[in-house]
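Structure first, commentary second.
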There are 2 protein chains.
Amino acid sequence: METVGTAVGALPRPGLRERKKQRTRDALVRAALELFATRGYERTTVDDIAAAVDVSQRTFFRYFASKEEVAFFVPRLAESRVVEAVRGRPAGEAPLEALRRAVLDSWDDITEAVEQLVPLELHLRVYRVIESTPALLAAHLRRATELEEELAHIVAVREGLDVDADPRPRILVAAFGGVVRVAERRWSAGDDFSAAAMRDLMTVCLDLVGPALAGNWRTS
Amino acid sequence: METVGTAVGALPRPGLRERKKQRTRDALVRAALELFATRGYERTTVDDIAAAVDVSQRTFFRYFASKEEVAFFVPRLAESRVVEAVRGRPAGEAPLEALRRAVLDSWDDITEAVEQLVPLELHLRVYRVIESTPALLAAHLRRATELEEELAHIVAVREGLDVDADPRPRILVAAFGGVVRVAERRWSAGDDFSAAAMRDLMTVCLDLVGPALAGNWRTS
DNA sequence: GACACTAATGACAGCCACTGACAGTTGACA
DNA sequence: TGTCAACTGTCAGTGGCTGTCATTAGTGTC
């Protein structure tokens, strides 16, 4: 129930103005996602979204830097949680294992946090729109690599390495990120969009990295 | 010197109209890349590019679907070569090895083909612009995943699998693609942009995938 | 070599994402 | 209650991109 973007300490009742802003932002997000999911991204104009919340187009752009940004409001939440989870892993753990457990262990929390914002089913529908809309898919991938960059730095620090000198941190997270994306696609393509299903898919895909890279597949 | 997009058989002199189109397209590409490299992508308008070649803006959009597309004219060439190279690998080869050798072995040919279009040095400068411009980076990553999808299908056929049933093809190319991107970044960040340097980087990065994913790194 | 045929182009109007500037409104706080 | 600062709406303008239509310029034919 906590305000999402608030600093850690002291939350002494945000004040009317702040609450109003929060409500406007949430209304814009919900209206936008609903429109994207039903009508599609490209056939939804920013004017449509603004009109649905009864604010001016200019106001929309004061809350979101671009039309794309509003589509990634929910994923953004999830990403920050993953980063935190990786930071929280014990130092002795192997790098890949730290990434793997961070994602798997924090998955239920993430799902819960998402549901607090929008219904999980709407999130899934929007995710499908993201994957099938070139402009959004591109933005999604760019965001993913930015996240990977952050994770590479964290891994490097854990292992006492320089990210620019030793390529292993970036290679690890790049491979890991690619696998996560495969799992995400399989999740959105399927019909079971529960958190448990996603966790299972992620587990299976991560377990397959080794075998997939290994020499011969005929021994499956 | 052959016309790039011509069908395999018979090239009986393209005709004046076709040659004129070819020249216009090449001029647009060269003007655009030069402008992107010097002035930056966002500070170059389509009108600028069109004016540099003395055609109307409308004509530019008849050659390229978007301003982005012209920036990827050269990479597009390289990608198609890689796909062909993978298709040409012997069937018995292990999947990862096929991808690896396809890229490494065709690298010199690709470099040569690129140089026929634009100076390699200009290509590098444009590549740096792509990596540092959010909109272009996003488009680059989307193109990369489209390529990965194609490669996953090829790998699946090689191994007699169904891409949608067995996740291994997609996992393999996702991991592979991630590593290739790391190598590309290191290439563009460095000062030696020769084909040989790129091949060496690629080799090093690919050799590190196993160790990076393996349990503990302290044994480096 | 004149003739129709068709592809390529330019000029123009218009949509949409996005931005800067200015003025009006509304919470915050003394 | 009055002052200040934050939030908002309006308006004008830029740039990417598209549809339309008249004009130009290769192409094949007689």
Side-chain angles (χ1 to χ4, degrees), chain A residues 3 5-6 10-29 31-32 35-36 39-73 129-130 133-136 138-139 142, chain B residues 3 5-6 12-29 31-32 35-36 39-73 129-130 133-136 138-139 142:
Chain A
T3 313
T6 306
L11 51 164
R13 177 52 83 94
L16 175 55
R17 183 176 284 172
E18 206 56 37
R19 275 179 287 153
K20 232 175 163 180
K21 265 170 61 181
Q22 189 75 23
R23 249 184 296 142
T24 304
R25 185 192 315 275
D26 286 0
L28 283 171
V29 169
L35 283 167
F36 292 163
R39 200 186 300 181
Y41 178 75
E42 279 156 354
R43 307 208 310 173
T44 302
T45 69
V46 174
D47 284 320
D48 291 336
I49 303 169
V53 184
D54 207 58
V55 295
S56 71
Q57 190 216 48
R58 195 65 186 85
T59 293
F60 173 92
F61 282 111
R62 289 198 177 98
Y63 281 92
F64 304 99
S66 66
K67 181 180 163 188
E68 277 169 21
E69 195 177 297
V70 67
F72 292 104
F73 189 81
V129 171
I130 289 175
T133 307
L136 285 183
R142 184 172 52 78
Chain B
T3 312
T6 307
R13 178 50 84 93
L16 175 55
R17 186 178 302 189
E18 206 57 38
R19 275 178 288 152
K20 236 177 161 177
K21 265 171 58 180
Q22 189 76 24
R23 249 182 297 143
T24 304
R25 186 191 315 274
D26 287 359
L28 283 171
V29 170
L35 284 167
F36 292 164
R39 197 184 305 180
Y41 179 75
E42 280 157 354
R43 307 208 311 173
T44 303
T45 70
V46 175
D47 283 320
D48 291 337
I49 303 169
V53 184
D54 207 57
V55 296
S56 69
Q57 190 216 49
R58 194 67 185 84
T59 294
F60 174 92
F61 282 110
R62 288 198 177 96
Y63 281 92
F64 304 98
S66 66
K67 182 181 161 188
E68 278 169 20
E69 196 177 298
V70 67
F72 293 104
F73 190 81
V129 171
I130 289 176
T133 307
L136 285 183
R142 184 173 53 79

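Hydrogens, waters and symmetry mates play no part in the numbers below; they use all other heavy atoms, side chains included. The chains referred to below are lettered A, B, ... by the order of the sequence lines, with proteins before strands, and numbering in each begins at 1.
- Considering only the side chain of A:Thr24, D:dT8 comes nearest among C:dA17, C:dT9, D:dT8.
- Nearest nucleotide to the A:Val55 side chain, out of C:dT26, D:dG9, C:dG10: D:dG9.
- Checked by distance alone, A:Arg58 brings a side-chain donor or acceptor within 3.5 Å of a matching partner on the base of C:dG20.
- Rounded to an integer number of Å, the gap from CD of B:Glu18 to P of D:dG28 is 12 Å.
- Nucleic acid contact class of B:Ser56 (heavy atoms, under 4.0 Å, all strands): base.
- OP1 or OP2 of D:dG26 sits under 4.0 Å from a side-chain N or O of B:Lys20.
- Of all heavy-atom pairs between B:Ala52 and B:Ala31, the closest is CB-CB, 4.1 Å.
- For the residue pair A:Arg142 and B:Pro134, the shortest heavy atom distance occurs at CD-O, 3.2 Å.
- Atom CZ in B:Phe61 sits about 18 Å away from atom P in C:dA8, given to the nearest Å.
- Summarising the geometry, the separation between CG on B:Asp47 and C1' on C:dC12 is reported as 14 Å, rounded to the nearest angstrom.
- In this structure, NZ of A:Lys21 is placed 16 Å from P of D:dA5, rounded to the nearest angstrom.
- Note on A:Lys67: every side-chain N or O is 4.0 Å or more away from OP1 and OP2 of C:dC16.
- Residue B:Tyr63 is classed as a sugar-phosphate contact, given heavy-atom separations below 4.0 Å to backbone atoms only.
- Remark: B:Thr59 is in phosphate contact with C:dG10, judged by side-chain N or O atoms under 4.0 Å from OP1 or OP2.
- Along DNA chain D, the nucleotide nearest to B:Arg17 and the one nearest to B:Thr44 differ in position, and the one closer to the 5' end is contacted by B:Thr44.
- Taking all atoms of both residues into account, the shortest heavy-atom contact from B:Asp48 to B:Arg43 is OD2-O, 4.1 Å.
- Rounded to whole angstrom, the span from the CD atom of B:Glu69 across to the P atom of D:dG16 amounts to 15 Å.
- Taking every side-chain heavy atom of A:Arg62 into account, D:dT8 is the closest of C:dC18, D:dT20, D:dT8.
- Rounded to an integer number of Å, the gap from CG of B:Asp48 to P of D:dG15 is 8 Å.
- Between B:Val29 and B:Val70, the shortest heavy-atom contact is CA-CG2, 3.9 Å.
- Comparing C:dC16, D:dG16, C:dT6 by their closest approach to the side chain of B:Gln57 singles out D:dG16.
- Looking at B:Tyr41, its side chain does come within 3.5 Å of a backbone N or O of B:Glu68 through a donor-acceptor pair.
- Across the protein-nucleic acid pair, B:Glu68 atom CD and C:dA17 atom C1' stand 14 Å apart, rounded to whole Å.
- The interatomic distance linking A:Ile49 (CD1) with C:dC18 (P) rounds to 10 Å, in whole Å.
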